[in-house]
Amino acid sequence: MTGARTVAEIGPGTGLFTEVLLELLAPDGEIFAIEPTRIMRAALVTRVSRIPEAADKVTVVPEDALEAEVDTPLDGVVLFNMIMHFSPDQRARLWSKWARALRPGGLLIVESQYPQTATAVPPSVVPGGTLGRYRYDTLSRADVAGEDLIHWVMTYRTWRGDELIREETAEFDCHVISDETLATELLAVGLERHPAAPEGIQAWWRPQAL
């Protein structure tokens, strides 16, 4: 993505990766940050507005990925931590829409999904940070909820020393997409696998007009 002129980032959330994309853009490049969730947009705007070069380069689009439109061909479409929220029917629409938005040679980039099959994920703790007197972490697990569906349970915890003082739990279903399934879907819309993608990253490019 180094030197890209136009990039759509689908589901940027709080903008952590948006900052990285800004560093990779061409000097006259721009990012369309497509974020439908209001609370995430607030955090995203807060983050990028503190970056001087973002003022002329980042446009925050409030529609979701199936409704949003950009008015210029794209060098890249980036989806991180997103595609598990789309059903197979929605993914077919998603890939068709954004494959057509790419200019010839443009890349669609997504991470390989975990897990690759609908299997339970045992509980694990994801360390967070420490701010002042409090420490934060996340306890996560997943149960099988269907043939291609798992149900995640995420518990966000606040600690004071070794004392748990607060926890909040969010639960949501996610679709399982193996690398093989992803390849089948992206080949169907005319994209081709990029041979130089790093491990864990799925990079697909548009070879010609679709």
Side-chain angles (χ1 to χ4, degrees), residues 1-86 91 94-114 126 128-129 177 179 182-183 185-187 189-210:
M1 298 294 279
T2 302
R5 293 164 292 170
T6 51
V7 176
E9 184 185 9
I10 296 175
T14 62
L16 186 63
F17 192 66
T18 312
E19 287 194 76
V20 177
L21 287 175
L22 274 168
E23 296 176 0
L24 299 176
L25 279 183
D28 59 346
E30 63 178 326
I31 297 170
F32 298 90
I34 298 167
E35 179 52 67
T37 305
R38 182 173 60 180
I39 191 168
M40 291 295 188
R41 284 201 309 275
L44 171 64
V45 170
T46 298
R47 181 189 295 270
V48 298
S49 63
R50 296 175 178 174
I51 306 172
E53 58 269 27
D56 297 325
K57 293 185 176 183
V58 179
T59 299
V60 177
V61 180
E63 288 81 24
D64 68 30
L66 295 174
E67 297 176 348
E69 298 290 345
V70 295
D71 61 0
T72 184
L74 297 168
D75 292 316
V77 175
V78 179
L79 307 90
F80 283 160
N81 299 316
M82 275 299 300
I83 65 170
M84 73 286 290
H85 299 298
F86 293 91
R91 290 200 308 272
L94 182 78
W95 303 139
S96 178
K97 176 186 180 70
W98 292 103
R100 290 196 309 269
L102 288 169
R103 71 175 80 247
L107 286 174
L108 185 148
I109 297 177
V110 60
E111 84 279 17
S112 290
Q113 301 300 292
Y114 172 80
V126 180
I177 309 102
D179 289 347
L182 183 64
E185 294 178 353
L186 294 179
L187 286 169
V189 296
L191 299 185
E192 297 183 4
R193 191 189 302 271
H194 195 284
E199 184 177 356
I201 296 296
Q202 296 286 321
W204 293 75
W205 68 289
R206 174 176 170 170
Q208 58 188 4
L210 300 180

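This one's a predicted model, so the numbers in the text were calculated from it and none came from an experiment.
- A donor-acceptor pair is defined here as one N or O able to donate and one able to accept, closer than 3.5 Å; such a pair exists between the side chain of D75 and the backbone of T6.
- The main-chain N or O of G106 is never found under 3.5 Å from a side-chain atom of R206 such that the two would form a donor-acceptor pair.
- The CD1 atom of I10 sits 11.0 Å away from the CD1 atom of I83 when rounded to the nearest 0.5 Å.
- Applying the ring pair (Phe, Tyr, Trp, His ring centres under 6.0 Å) rule to pairs touching residues 43-73 yields nothing, sequence neighbours excluded.
- Atom CD in E111 sits 9.5 Å away from atom CG in L182 (nearest 0.5 Å).
- Across every non-hydrogen atom of R91 and F86, the tightest pair is NH1-O, 3.2 Å.
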Report the C-alpha separation of L102 and W205 in whole Å, then their side-chain angles, then the decisive distance to 0.1 Å, and conclude whether the side-chain contact (heavy atoms from CB on, under 4.5 Å) test is met. CA-CA 8 Å; L102 288 169; W205 68 289; over 6 Å; no

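- Among N81, D179, I177, the one residue that satisfies the side-chain contact (heavy atoms from CB on, under 4.5 Å) test with Q113 is I177.
- Between the CE atom of M84 and the CG atom of L79 there is a distance of 10.0 Å, given to the nearest 0.5 Å.
- Judged by distance alone, with hydrogens and angles left aside, the side-chain atoms of S96 form no donor-acceptor pair with the main-chain N or O of V189 at under 3.5 Å.
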Would you tabulate the side-chain donor-acceptor contacts of residues 59-72 under 3.5 Å, counting partners in other chains and residues two or more places apart, or write 'none'?
from	atom 1	to	atom 2	distance (Å)
D64	OD1	L66	N	2.9
D64	OD1	E67	N	3.0
E69	OE2	K97	NZ	2.9

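- Atom CE of M40 sits in a sparse spot, with 12 or fewer heavy atoms from other residues, nucleotides or ligands closer than 6.0 Å.
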Distance-only donor-acceptor pairs under 3.5 Å for side chains of residues 11-18, two or more places apart:
from	atom 1	to	atom 2	distance (Å)
T18	OG1	E9	OE1	2.6

Can you list the steps and then say if V77 with W204 is a side-chain contact (heavy atoms from CB on, under 4.5 Å)? CA-CA 10 Å; V77 175; W204 293 75; over 6 Å; no

Sequence neighbours left out, cut at 3.5 Å: what donor-acceptor pairs do the side chains of residues 21-34 make with other protein atoms?
none

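- Heavy atoms from other residues, nucleotides or ligands lying under 6.0 Å from CZ of R47 number more than 12.
- Sorted pairs that involve residues 46-70 and meet ring pair (Phe, Tyr, Trp, His ring centres under 6.0 Å), not counting sequence neighbours, are lacking altogether.
- What you find for E192 and P207 is that their closest heavy atoms are OE2-CG, 3.7 Å.
- In this structure, L187 CG and W95 CH2 are separated by 12.5 Å, a value rounded to the nearest 0.5 Å.
- Partners of W98 by side chain to side chain donor-acceptor pair (under 3.5 Å), not counting sequence neighbours: none found.
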